[in-house]
Engineer: 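Sharing a structure with you now.
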2 protein chains.
Amino acid sequence: MSRNKVNYALIEDASYRKVSYNKRMKGILKKSDELKTLCDVEVATVIYGPYRNEPYTFPNNDVVRNTFIKVKELPTLERSKNMVTREEFTMQITSKGKEGK
Amino acid sequence: MSRNKVNYALIEDASYRKVSYNKRMKGILKKSDELKTLCDVEVATVIYGPYRNEPYTFPNNDVVRNTFIKVKELPTLERSKNMVTREEFTMQITSKGKEGK
DNA sequence: GATTCTATTTATAAACT
DNA sequence: TAGTTTATAAATAGAAT
């Protein structure tokens, strides 16, 4: 964004890529924190790249672990497709789905 | 952002809070996708709130699970504090830390 | 209540230090 | 080459639909 439009592709220049990474990391973490506070939802993010040996966790390792546990039982991609189909079917037989978005 | 500055606090009005949640969710997912593409890093995000029964995963359940494995072995908050201290100590005895950030 | 519009704030690419 | 500044693109709060 800014002085020029951003091209949606890998930034070829390594040093500029790192500068961009640092700025954007900061931006995403701020946005995540805002979402959590403004809308009262749980947000857990892990970013893993060549700039640190360990993955970066937001807001911290413990919250990430707690939140990610909820994902354990979720379907794999293959099963997920079936689930959606089932959901859509349920939507059809009930007048309206009850979940938000 | 926008017509008015955002107040860093829970949005009291539930319907407006949901509208804001939808907009900001979309924004964060876009930013995450951009970071991944522009800077070639792994990003995994889980958002869990009252608007869905299941946690929302980005980019999908499988990637989140894979990334989560890397976080399993990371220290807890308590141990983390010690780690930082140790890192700082290492920084002191070596002229310069070698990690990015 | 969801979708579109628009004024304004916020994020950030490039320049500069 | 990390921090600061500035011009501009992008996100989004509130309004309109």
Side-chain angles (χ1 to χ4, degrees), chain A residues 1-47 49-54 56 58-59 84 87-88 90-101, chain B residues 1-43 45-47 49-54 56 58-59 84 87-88 90-92 94-101:
Chain A
M1 304 86 183
S2 175
R3 290 292 180 99
N4 280 131
K5 277 193 187 182
V6 71
N7 184 229
Y8 185 72
L10 178 71
I11 296 167
E12 296 293 346
D13 181 66
S15 65
Y16 169 46
R17 186 163 68 239
K18 185 178 178 183
V19 169
S20 192
Y21 164 82
N22 283 138
K23 287 181 180 180
R24 284 171 173 275
M25 268 283 283
K26 192 181 148 203
I28 286 181
L29 298 182
K30 187 180 176 190
K31 291 285 185 188
S32 299
D33 187 54
E34 285 176 355
L35 182 69
K36 196 176 70 163
T37 301
L38 302 180
C39 303
D40 190 30
V41 296
E42 208 173 308
V43 181
T45 304
V46 177
I47 299 174
Y51 305 117
R52 304 182 97 241
N53 293 328
E54 292 184 354
Y56 183 90
F58 170 86
V84 171
E87 255 175 40
E88 281 164 357
T90 307
M91 291 277 265
Q92 286 178 325
I93 59 173
T94 60
S95 58
K96 177 73 179 176
K98 58 185 181 306
E99 292 182 28
K101 174 51 195 275
Chain B
M1 305 87 186
S2 177
R3 289 293 179 96
N4 280 132
K5 278 192 186 182
V6 71
N7 184 229
Y8 185 71
L10 179 70
I11 296 167
E12 296 293 345
D13 181 64
S15 64
Y16 170 46
R17 186 163 68 238
K18 186 178 177 180
V19 169
S20 192
Y21 164 81
N22 283 138
K23 288 180 178 179
R24 283 169 174 276
M25 267 284 283
K26 191 181 146 201
I28 287 181
L29 298 182
K30 188 180 176 189
K31 290 286 185 188
S32 299
D33 187 55
E34 285 177 354
L35 183 69
K36 195 175 71 165
T37 302
L38 302 181
C39 304
D40 190 31
V41 295
E42 206 174 309
V43 181
T45 304
V46 177
I47 298 174
Y51 304 117
R52 303 181 100 241
N53 292 327
E54 293 181 354
Y56 184 91
F58 171 86
V84 171
E87 253 174 41
E88 282 165 356
T90 306
M91 291 277 265
Q92 286 179 322
T94 60
S95 58
K96 176 74 177 175
K98 59 184 181 309
E99 291 183 29
K101 185 359 197 303

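Chain identifiers are assigned alphabetically (A, B, ...) following the order of the sequence lines, protein sequences preceding nucleic acid strands; residue numbering begins at 1 within each chain. Computed over heavy atoms, backbone and side chain alike; hydrogens, waters and symmetry mates excluded.
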Engineer: Y56(B): what forms a ring-ring contact (aromatic ring centres under 6.0 Å, His included) with it, not counting sequence neighbours?
Structural biologist: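 Partners of Y56(B) by the ring-ring contact (aromatic ring centres under 6.0 Å, His included) criterion come out as none, since no residue qualifies.
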Engineer: Between E34(B) (CD) and dA9(D) (P), how many Å, whole number?
Structural biologist: 15 Å
Engineer: In this structure, how many angstroms lie between the C1' atom of dT12(C) and the CZ atom of R17(A), rounded?
Structural biologist: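 The answer, rounded to whole Å, is 18 Å.
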Engineer: Any salt bridge linking K36(B) with E42(B)? Criterion: basic side-chain nitrogen under 4.0 Å from a carboxylate oxygen.
Structural biologist: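 No salt bridge links K36(B) with E42(B).
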Engineer: dT12(C) P sits how many Å from I11(A) CD1, rounded?
Structural biologist: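 To the nearest whole Å, that distance equals 11 Å.
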Engineer: dA11(C) base to S2(A) side chain: any donor-acceptor pair below 3.5 Å?
Structural biologist: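 No, the side chain and the base share no sub-3.5 Å donor-acceptor pair.
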Engineer: Could you give the OH-to-P distance, from Y8(B) to dT9(C), as a whole number of Å?
Structural biologist: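 Going from OH in Y8(B) over to P in dT9(C) covers 21 Å.
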Engineer: The criterion is ring-ring contact (aromatic ring centres under 6.0 Å, His included); which residues satisfy it with F58(B), sequence neighbours excluded?
Structural biologist: none
Engineer: At a cut-off of 3.5 Å, list every protein nitrogen or oxygen paired with a nitrogen or oxygen from nucleotides 14-17 of chain D, distance to 0.1 Å.
Structural biologist:
residue, atom, partner, partner atom, Å
dG14(D), OP2, Y16(B), OH, 2.8
dG14(D), O6, K23(B), NZ, 2.9
dG14(D), N2, R3(B), NH2, 3.2

Engineer: Name the nucleic acid region contacted by K30(A), choosing base, sugar-phosphate or nothing; use a 4.0 angstrom heavy-atom cut-off, strictly under.
Structural biologist: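 It contacts sugar-phosphate atoms only.
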Engineer: Closer to the 5' end of DNA chain C via nearest nucleotide, is it S15(B) or L38(B)?
Structural biologist: S15(B)
Engineer: Give the rounded distance in Å between these two atoms: CD1 of I28(A) and C1' of dT10(C).
Structural biologist: 15 Å
Engineer: Starting at CZ of R24(B) and ending at P of dT10(C), how long is that distance when rounded to a whole Å?
Structural biologist: 9 Å
Engineer: Considering residues at least two apart in sequence or located in another chain, which fulfil the side chain to side chain donor-acceptor pair (under 3.5 Å) criterion with N7(A)?
Structural biologist: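 Per chain and number, N7(A) pairs via side chain to side chain donor-acceptor pair (under 3.5 Å) with no residue.
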Engineer: Compare side-chain N and O positions of S20(A) against OP1 and OP2 of dA13(C) and report whether any pair is under 4.0 Å apart.
Structural biologist: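 Affirmative; the distance criterion is met.
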Engineer: Should N4(B) and V6(B) be marked as a side chain to side chain contact (heavy atoms under 4.5 Å, CB included) after you check the CA-CA gap, both sets of side-chain angles, and the distance that decides it?
Structural biologist: CA-CA 6 Å; N4(B) 280 132; V6(B) 71; over 6 Å; no
Engineer: Just the rounded figure in Å: distance from P of dA2(D) to OH of Y21(A).
Structural biologist: 13 Å
Engineer: Where is the tightest heavy-atom contact between V41(B) and G49(A), given as atom of each residue plus distance?
Structural biologist: CG1-CA, 3.7 Å
Engineer: Please enumerate all residues that pass side chain to side chain donor-acceptor pair (under 3.5 Å) together with D33(B), with sequence neighbours excluded.
Structural biologist: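 If we apply the side chain to side chain donor-acceptor pair (under 3.5 Å) test to D33(B), skipping adjacent residues, the hits are Y8(A).
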Engineer: How long is the line joining CG of L35(B) and P of dA13(C), in whole Å?
Structural biologist: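 To the nearest whole Å, that distance equals 11 Å.
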